[in-house]
2 protein chains.
Amino acid sequence: MPDGSDKKPSRIQRRNRRLILDAALEVFSLHGYRGATLDQIAAQAGLSKPNILYYFDGKEEIHVTLLNQLMKTWLDPLVALDPDGDPMSELLDYVGRKLAMARELPRESRLFAGEILQGAPRMGPHLRSSLKPLFDEKCAVIQGWMDDGHLAAVDPRHLIFSIWATTQHYADFAAQVEVLLEPAPADDPAGAETYLTTLFTKLLTP
Amino acid sequence: MPDGSDKKPSRIQRRNRRLILDAALEVFSLHGYRGATLDQIAAQAGLSKPNILYYFDGKEEIHVTLLNQLMKTWLDPLVALDPDGDPMSELLDYVGRKLAMARELPRESRLFAGEILQGAPRMGPHLRSSLKPLFDEKCAVIQGWMDDGHLAAVDPRHLIFSIWATTQHYADFAAQVEVLLEPAPADDPAGAETYLTTLFTKLLTP
DNA sequence: TCGTGGCTTTACCAAATGGTAAAAATTAGC
DNA sequence: GCTAATTTTTACCATTTGGTAAAGCCACGA
């Protein structure tokens with residue numbers, strides 16, 4: 001059994017696990033945990049359902065694996081916030097990176113959003129152990145910048161919330177955004193970025 | 001059969017339909033459409049499953065009824081945006097109303113978020129017919145204020161998106177916000193409002 | 001070429017779930 | 001209080017779904 005073991009995964013194992021996780025990301029992000037079925041994931045992956053269960057212990061393990069895997073890339077932009085950089089450009093770059101992620105990885109964004117929306121039943125501990133320390137650390141950095149007068153003073157926690165909310169909105173609420181931006185979806189690619197840059201520049205300029 | 005009919009509903013009908021819708025709101029907002037079961041809704045409502053189906057044609061009709069009903073109250077704050085009022089305070093009041101709704105009606109917010117997150121499968125038409133016209137109308141109002149120099153010029157569409165995103169974030173991502181605001185959840189009640197008022201004041205001041 | 005071990009399929013199953021039929025109980029109108 | 005309509009319960013059903021057992025297949029080293 002390839003899962004949970006400590007042996008090196010074979011080429012086939014790596015390929016199939018990746019196929020499954022990619023299919024699962026698609027299906028979970030589209031229908032939510034309960035809305036997704038193993039049959040859908042299997043069909044999307046081009047494998048049979050029992051074959052899926054040969055590589056993963058069950059539906060939940062697939063979901064958890066996906067979530068854990070996602071957590072890393074999801075936090076990357078925040079990790080990259082450099083305490084030694086220029087405060088304003090560091091934060092604006094952070095906004096830009098988050099917005100790019102929402103655009104480039106909407107499935108991941110929706111997967112994460114769905115999990116949180118339902119009370120983070122499979123991620124609560126992970127939030128405390130991974131996200132919280134990083135969040136506190138970066139809040140302190142931002143607070144330091146504000147104390148030094150490099151940025152206007154606002155609550156760093158709500159600042160980060162608002163960055164997350166505004167950027168992820170474009171991925172999580174895409175169905176709504178698309179309807180409301182009609183009939184000009186093409187003129188917009190820069191629209192959100194321009195707007196958010198203005199928003200946070202004005203907020204943070206001392 | 002009480003549903004779909006044109007007769008006046010009896011007292012029992014009104015009471016039970018309200019019980020069911022309230023229970024369904026609780027369950028749907030907590031588990032999503034697919035994650036919710038009729039048994040859960042029945043238990044929450046204190047009625048038997050067949051009795052639920054005596055009042056509604058099926059699970060989907062309950063969900064749609066809830067969504068349609070929600071749409072009205074959900075749009076109220078935007079409807080109340082007065083073209084003849086003072087631009088800045090109209091918009092700040094709008095932010096305040098949306099934030100209050102997120103705080104007071106988190107179940108409704110999550111129900112709506114879940115529906116949009118999954119591509120608005122049961123609300124797409126409604127978005128176009130109800131939300132879009134109102135959105136366009138209010139965008140024009142805001143644009144007018146900006147053209148008159150009463151507000152700093154930004155894209156009204158993205159402005160509204162950011163108001164929605166930042167306010168609803170506190171309801172939809174409550175599980176995350178609570179973890180990250182620890183160990184000081186009590187000091188916050190005004191925190192979000194103060195922050196958002198600053199944010200949009202700075203943005204919109206000409 | 002022949003095993004051997006890893007991979008895949010076929011054929012299932014039990015539980016959960018949305019939904020129904022019809023009897024039983026309750027309420028409302030007279 | 002009696003009847004007719006409304007409401008509720010009991011006893012089901014068919015489908016879906018996560019999961020399993022075991023047989024078959026296939027690649028690769030000896």
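Heavy atoms only: backbone and side chains are in, while hydrogens, waters and symmetry mates are out. First the proteins, then the strands, lettered A, B, ... as listed; each starts at 1.
Per the geometry, CD belonging to A:Gln40 stands 7 Å off P belonging to D:dT17, to the nearest Å. Atoms CD1 (A:Ile20) and C1' (C:dT8) sit 12 Å apart, rounded to a whole Å. For the pair B:Arg14 CZ and D:dT6 P, the computed distance is 15 Å after rounding to whole Å. The NE2 atom of A:His63 sits 15 Å away from the C1' atom of D:dG18 (whole-angstrom rounding). Taking atom CZ of A:Arg17 as the reference point, atom P of C:dC7 lies 11 Å away to the nearest angstrom. One atom, CD1 of A:Ile52, and another, C1' of C:dT9, lie 13 Å apart when rounded to the nearest Å. Going from atom CG of A:Asn16 over to atom C1' of D:dC26 covers 14 Å, rounded to whole Å.
A:Glu60 meets the side-chain contact (heavy atoms from CB on, under 4.5 Å) test with A:Tyr33, A:Val64, A:Arg122; sequence neighbours excluded. Residues forming a side-chain hydrogen bond (donor to acceptor under 3.5 Å, both in side chains) with A:Asp39 (at least two apart in sequence, or on another chain): none. Applying the side-chain hydrogen bond (donor to acceptor under 3.5 Å, both in side chains) criterion to B:Arg97, with sequence neighbours excluded, gives no partner residue. Residues meeting the side-chain hydrogen bond (donor to acceptor under 3.5 Å, both in side chains) test with A:Trp164, sequence neighbours left out: A:Tyr94.
For B:Asn51, no side-chain nitrogen or oxygen approaches OP1 or OP2 of D:dT10 to under 4.0 Å. Contact annotation: B:Tyr54 side-chain N/O to D:dT7 OP1/OP2 distance is under 4.0 Å. Listed pair B:Gln13 / D:dT6 fails the phosphate criterion, with no side-chain N or O lying under 4.0 Å from OP1 or OP2.
Under the 3.5 Å distance criterion, the side-chain polar atoms of B:Lys132 are matched with a main-chain donor or acceptor of A:Glu182.
Within the structure, side chain to side chain donor-acceptor pair (under 3.5 Å) contacts touching residues 72-89 of chain B (residues at least two apart or in different chains) are B:Asp86-B:Ser89.
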What does nucleotides 10-26 of chain C look like as a protein-contact string, B for base, S for sugar-phosphate only, - for none, at under 4.0 angstrom between heavy atoms?
BB-----SBBB------
